[in-house]
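Read through the structure below, which is laid out as C-alpha cells, and then see the notes.
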Amino acid sequence: MRVILEPSFFSQPALAVGRQLLGKYIVRAERGKEVALPITELEVYDGFEDRASHAFRGKTPRNEVMWSDAGFLYVYFVYGMHWMLNVVVGKKNYPAAILIRGAGDISGPARLTVKLNITGAQSGVRAIPANGIWFEDRGVRISRGHCKRLPRVGVARAGAEWAEKPYRFVVV
DNA sequence: ACGATGATGAAC
DNA sequence: TTCATCATCGTA
C-alpha cells in the first residue's frame with residue numbers, strides 16, 4: 001500500500017495532522033535514488049497564539065510560507081548550521097506547521113535534513129513527487145499505546161504555558 | 001558544559 | 001547598525 005498524502009490530509013487541524021503523521025513515510029527522490037523513512041517524532045506549531053511558533057511574531061520573509069497552503073514545506077536555517085524541515089498544515093492563512101524531528105533510525109531534526117539532503121531550496125515547495133519530496137501512507141498504524149505526547153524541545157523562552165503543551169509526538 | 005557559526009528580528 | 005537569540009549537534 002502506497003498512498004501519497006494530499007493537501008486534504010494536511011489541511012486538517014494541526015494537532016490532528018500531528019497525531020496521524022506518525023508512521024507515515026517521508027520520501028525523498030534524487031538522481032533516481034529514493035529514500036523512504038517512517039516518521040517517528042514531530043512537533044506541532046499551531047497558530048499565531050502559539051508563543052513557541054515562528055508565526056507568533058507575525059509574518060516575515062522567512063516564515064510567510066506558514067500562511068500558505070497545507071502541504072507546502074517550510075525549511076529554515078538555525079544555529080548557523082542546521083536546516084529544519086516543516087510541513088505546513090491547517091487552513092490557508094492560518095499559520096501552522098509540523099517540524100519533523102525524526103524518521104527511520106534518524107533522531108534529530110538537523111540530522112534528518114542532512115540525511116535527506118534538504119536545505120532552504122525546498123522551502124516554499126509543495127510536497128509532491130514532481131519536487132522530489134513527498135509523504136506517503138504505507139499502511140503503518142501507530143496504536144495509542146505506541147504514541148507518546150511530550151513537551152516540545154528548545155522552546156522554554158515561549159513561557160511555561162506554551163512550552164509545556166504536549167505538542168511533541170513520538171513513536172515509542 | 002560549551003563552542004560552532006550565521007541568519008533573524010527587535011532595538012537603538 | 002548592533003545585539004541577543006536561536007524549533008541543534010558534536011565534542012568534552
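Within every chain, numbering begins at 1; the chains are lettered A, B, ... in the order of the sequence lines, protein sequences first and strands thereafter. As the structure is a prediction and not an experimental result, all values here were calculated from the model.
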Check every atom of [options] against the side chain of [X] and return the nucleotide holding the closest atom.
| X | options | answer |
| --- | --- | --- |
| A:Phe77 | B:dG6, C:dA7, B:dA10 | B:dG6 |
| A:Met81 | C:dT8, B:dA4, B:dA10 | B:dA4 |
| A:Arg62 | B:dG9, C:dT5, C:dT8 | B:dG9 |

When the distance from [atom1] of [X] to [atom2] of [N] is rounded to whole Å, what number comes out?
| X | N | atom1 | atom2 | answer |
| --- | --- | --- | --- | --- |
| A:Lys165 | C:dA7 | NZ | P | 18 Å |
| A:Arg157 | B:dG9 | CZ | P | 16 Å |
| A:Glu64 | B:dG9 | CD | C1' | 15 Å |
| A:His82 | B:dG3 | NE2 | C1' | 11 Å |
| A:His54 | C:dT5 | NE2 | C1' | 11 Å |
| A:Glu43 | C:dC6 | CD | C1' | 14 Å |
| A:Tyr167 | C:dA7 | OH | P | 17 Å |
| A:Trp83 | B:dG6 | CH2 | C1' | 10 Å |

Could you tell me whether A:Arg138 atom CZ has more than 12 heavy atoms of other residues or ligands within 6.0 Å of it?
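Atom CZ in A:Arg138 is crowded, with more than 12 foreign heavy atoms closer than 6.0 Å.
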Give a yes or no answer on whether the side chain of [X] reaches the backbone of [Y] with a donor-acceptor pair at less than 3.5 Å.
| X | Y | result |
| --- | --- | --- |
| A:Asn131 | A:Ile133 | no |
| A:Arg62 | A:Tyr76 | no |
| A:Asp50 | A:Gly47 | no |
| A:Asn93 | A:Ser68 | no |

Using both distances under 3.5 Å as the test, list the Watson-Crick or G-U wobble partner of C:dA7, or none.
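Answer to the pairing question: none, since C:dA7 forms no Watson-Crick or G-U pair.
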P spacing across the pair B:dG3 / C:dA4, given as an integer number of angstrom
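Their P atoms lie roughly 16 Å apart.
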Validation row: [X], [Y] side chains within 4.5 angstrom (heavy atoms):
| X | Y | answer |
| --- | --- | --- |
| A:Ile100 | A:Leu112 | yes |
| A:His82 | A:Phe77 | no |
| A:Arg51 | A:Phe56 | yes |
| A:Phe135 | A:Val87 | yes |

Go through residues 90-116 of chain A and report each residue with a non-hydrogen atom lying under 4.0 Å from DNA chain C, sorted by number.
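Contacts with DNA chain C under 4.0 Å: A:Leu99, A:Arg101, A:Gly108, A:Pro109, A:Ala110, A:Arg111.
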Near-strand residues of residues 17-27 of chain A, defined as heavy-atom separation under 4.0 angstrom from DNA chain C:
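Contacting residues: none.
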Per the atom types in the model, does the base of B:dA7 pair as donor or acceptor with the side chain of A:Tyr79 at under 3.5 Å?
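It does not, because no donor-acceptor pair links the side chain of A:Tyr79 to the base of B:dA7 below 3.5 Å.
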Would you mind classifying the nucleic acid contact of A:Arg152 as base, sugar-phosphate or nothing, using non-hydrogen atoms under 4.0 angstrom?
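No contact.
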Passing option when A:Leu22 is tested against A:Thr40, A:Val140, A:Leu42 for side chain to side chain contact (heavy atoms under 4.5 Å, CB included):
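In the set A:Thr40, A:Val140, A:Leu42, the residue that makes a side chain to side chain contact (heavy atoms under 4.5 Å, CB included) with A:Leu22 is A:Leu42.
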